[in-house]
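Working notes for the structure below.
Hydrogens, waters and symmetry mates are skipped; everything else that's a heavy atom, side chains included, is used. Residue numbers begin at 1 in each chain, while the letters A, B, ... track the order of the sequences. Predicted, not measured: the structure shown is a model, and the values here were computed from it.
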2 protein chains.
Amino acid sequence: MLGWSSPEPASTTSGKERETVPHAGGSGAPGVDPEQLWLRPTEPRKGRRPSFSRAAITAAAVALADAEGLDAVTMRRVAAEIGAGVMSLYTYAPDKETLLELMVDHVSGELTVTDPPTGDWRADLKAIAHLQRAHMLRHPWLPAALVTRRVPGPNTLAFLEHALAVLRPTGLDGAAKLEIFAQLTAFVAGHVGHEIAQAAVSRSPDRAAAEARYLAAVAADGRHPELAEALAAPGLPLTPEATFSRFLGRLIDGLDITQ
Amino acid sequence: MLGWSSPEPASTTSGKERETVPHAGGSGAPGVDPEQLWLRPTEPRKGRRPSFSRAAITAAAVALADAEGLDAVTMRRVAAEIGAGVMSLYTYAPDKETLLELMVDHVSGELTVTDPPTGDWRADLKAIAHLQRAHMLRHPWLPAALVTRRVPGPNTLAFLEHALAVLRPTGLDGAAKLEIFAQLTAFVAGHVGHEIAQAAVSRSPDRAAAEARYLAAVAADGRHPELAEALAAPGLPLTPEATFSRFLGRLIDGLDITQ
DNA sequence: CTCAATTCCGTACGATGTACGAGAATAGAG
DNA sequence: CTCTATTCTCGTACATCGTACGGAATTGAG
């Protein structure tokens, strides 16, 4: 094995099995073991030489997701893309969830930060968020994939390192800084995800019209006066960038009705 | 066909949040038609009388998700739970995605708001968020399900109506108010989803230890000084509630390092 | 009665993730 | 060299999923 394999160590509990614990749907209890994933030692000089590589497989999966969406990333498609048999992929990643994790960290390698922190942590944080937004727009599957992401890989950690440096002037404790980064990332992912969904709906005139009619009907039923008024006075339409900046300003500077 | 009509008002009458994120997977994916879903008139009385109901099916699916997680909600399991044949479900919902949509709006009926807006919109908004958090903790699959949800059903709209009333004192335009509600909901979902995942990891001592070792190893490699320091000075451990309140304060009052 | 509408659901199909194990390739030991 | 341990490759097989199809059963209308 290429090294991700678990040594199956002292698993003293005999009947471990799956615990049927209430959990959030896609995110199961087990998850991916970060040690086996990211900390594997350099590998063996024996046995058959690998025909593929974890990086090549990951890159193929990313290309597929970029071009056709996350749903197109099946083990069969990825294998076909690199000319491998399906089961060969399992030499390089123990399961599909791990492959997803590899994909996320792979694209995170694009998040290179050249400028050091300026000392104005609010401005720096906004710059980070804009970087993340552009990144997610480039890989529209990222917001959805991030929902189940567990442990940061090396590229993600490098970016986190930068964010922590940015937050140094705040003097906050470690937990608070980590928390802020997680919140910021989650917020950007949520916003961009919404942005992408909106764009997808707009691209389908039928659905866009159906949604508009539905909301109009609800607003007209008399039981939703606030909604009716909100829809009637929508305000000036803004570009997605402007909306994002306003949203970012709210988060970092606070919800301020003066905008 | 039952016309996908929604004659029965489920349980309660209040609604809940809206969603945010997209369906970043399949590019321009269709989704669910809100008109067909929520606006169908009651159907003609002819033909065989229905043995089940949309509400019963939805309730069974919700119970299943509450007890065993979203993954346990398969058409076969739901059908078995109510004593129906699998394909009978398709009389009441055109596909599984629609069933998910029904589930989300169904539980949103629990979000009843009794108190009218106080005029202090920041406090009211925080109360809304706390309501949502409790709601999501009661239905741990909700944060994951909300990621793909798009069009608010009747219960969700009722809750939105309340949120809009709360935001009236701000004088913001309609789009801004809707945006704030969406952002708040997304933020709560993200936070609670994280909370649930964290609890799941903690429940598995092996994995918790593995993650701790992994982060310790990264911190010790010398290339992540900020992370090392952040982990070394974590600050006082807080209860999940306290963390949530701090997070909420940041969002609504603004990122303020004095907190 | 007949007829059309509607619900119920058994069967079947294609797709998915992946367990299993046989075979091929390689490196070191003898 | 041969032998053996080790590692990679991948065809086959299976369980499980969502759901298309079509026929049987039930109902109201004419």
Side-chain angles (χ1 to χ4, degrees), chain A residues 1-8 18 25-26 28 30 32 40-54 56-57 61 64-65 68-103 148, chain B residues 1-5 7 25-26 29-32 40-54 56-57 61 64-65 68-103 148:
Chain A
M1 317 256 185
L2 270 184
W4 53 261
S5 67
S6 60
E8 207 83 24
R18 68 177 55 187
V32 174
R40 70 185 173 125
T42 49
E43 272 316 303
R45 273 284 166 233
K46 210 174 178 184
R48 187 172 177 169
R49 262 181 308 188
S51 306
F52 314 102
S53 73
R54 177 177 272 193
I57 292 170
L64 247 175
E68 303 182 36
L70 252 198
D71 291 344
V73 179
T74 70
M75 301 304 272
R76 280 165 235 261
R77 276 298 301 274
V78 173
E81 217 71 34
I82 62 167
V86 191
M87 295 312 293
S88 297
L89 300 187
Y90 288 86
T91 300
Y92 301 89
D95 50 36
K96 193 188 178 181
E97 191 186 334
T98 298
L99 179 57
L100 271 212
E101 208 112 17
L102 290 170
M103 289 170 64
T148 39
Chain B
M1 328 192 192
L2 274 181
W4 322 129
S5 63
V32 174
R40 275 307 256 257
T42 47
E43 284 303 310
R45 269 296 158 199
K46 203 177 177 185
R48 188 172 178 168
R49 264 167 30 214
S51 307
F52 313 102
S53 73
R54 177 176 271 194
I57 292 170
L64 212 45
E68 303 181 35
L70 251 199
D71 291 344
V73 180
T74 70
M75 301 304 272
R76 281 166 235 260
R77 277 297 302 273
V78 173
E81 218 70 35
I82 63 167
V86 191
M87 294 312 293
S88 297
L89 300 188
Y90 289 87
T91 300
Y92 300 88
D95 50 36
K96 193 189 178 182
E97 191 185 334
T98 299
L99 179 55
L100 273 211
E101 208 113 18
L102 291 170
M103 290 170 63
T148 32

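Contact detail for B:V32 and B:E101: the closest heavy-atom pair is CG2-OE1, 3.4 Å. Considering every non-hydrogen atom in both B:A84 and B:F52, the closest pair reads CB-CZ, 3.3 Å. Between B:Y92 and B:S51, the shortest heavy-atom distance links the atoms OH-N, 3.6 Å. Minimum interatomic distance between B:M103 and B:A65 (heavy atoms only, all atoms of both residues): CE-CB, 3.7 Å.
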At under 4.0 Å between heavy atoms, which parts of nucleotides 16-22 of chain D does protein reach? Answer with one letter per nucleotide, 5' to 3': B base, S sugar-phosphate only, - none. -BBBBB-

How does protein reach along nucleotides 25-30 of chain D, written 5' to 3' as B (base within reach of a heavy atom under 4.0 Å), S (only sugar-phosphate), or - (no contact)? BBBB--

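Residues A:L100 and A:L70 have side chains in contact (heavy-atom distance under 4.5 Å, counting atoms from C-beta outward). Taking 4.5 Å as the limit, every side-chain heavy atom of B:M87 sits out of range of all side-chain heavy atoms of B:M75.
The side chain of A:T91 places no N or O atom within less than 4.0 Å of a non-bridging phosphate oxygen (OP1 or OP2) of D:dC8. Phosphate contact (OP1/OP2 of D:dC10, side-chain N/O of A:S88, threshold under 4.0 Å): present.
By the side-chain hydrogen bond (donor to acceptor under 3.5 Å, both in side chains) test, A:S88 pairs with no residue at all, sequence neighbours left out.
With rounding to the nearest 0.5 Å, the separation of CG in A:L99 from CG in A:L89 is 7.5 Å.
Across all strands, B:A84 comes closer than 4.0 Å only to sugar-phosphate atoms, never to a base (heavy-atom distances).
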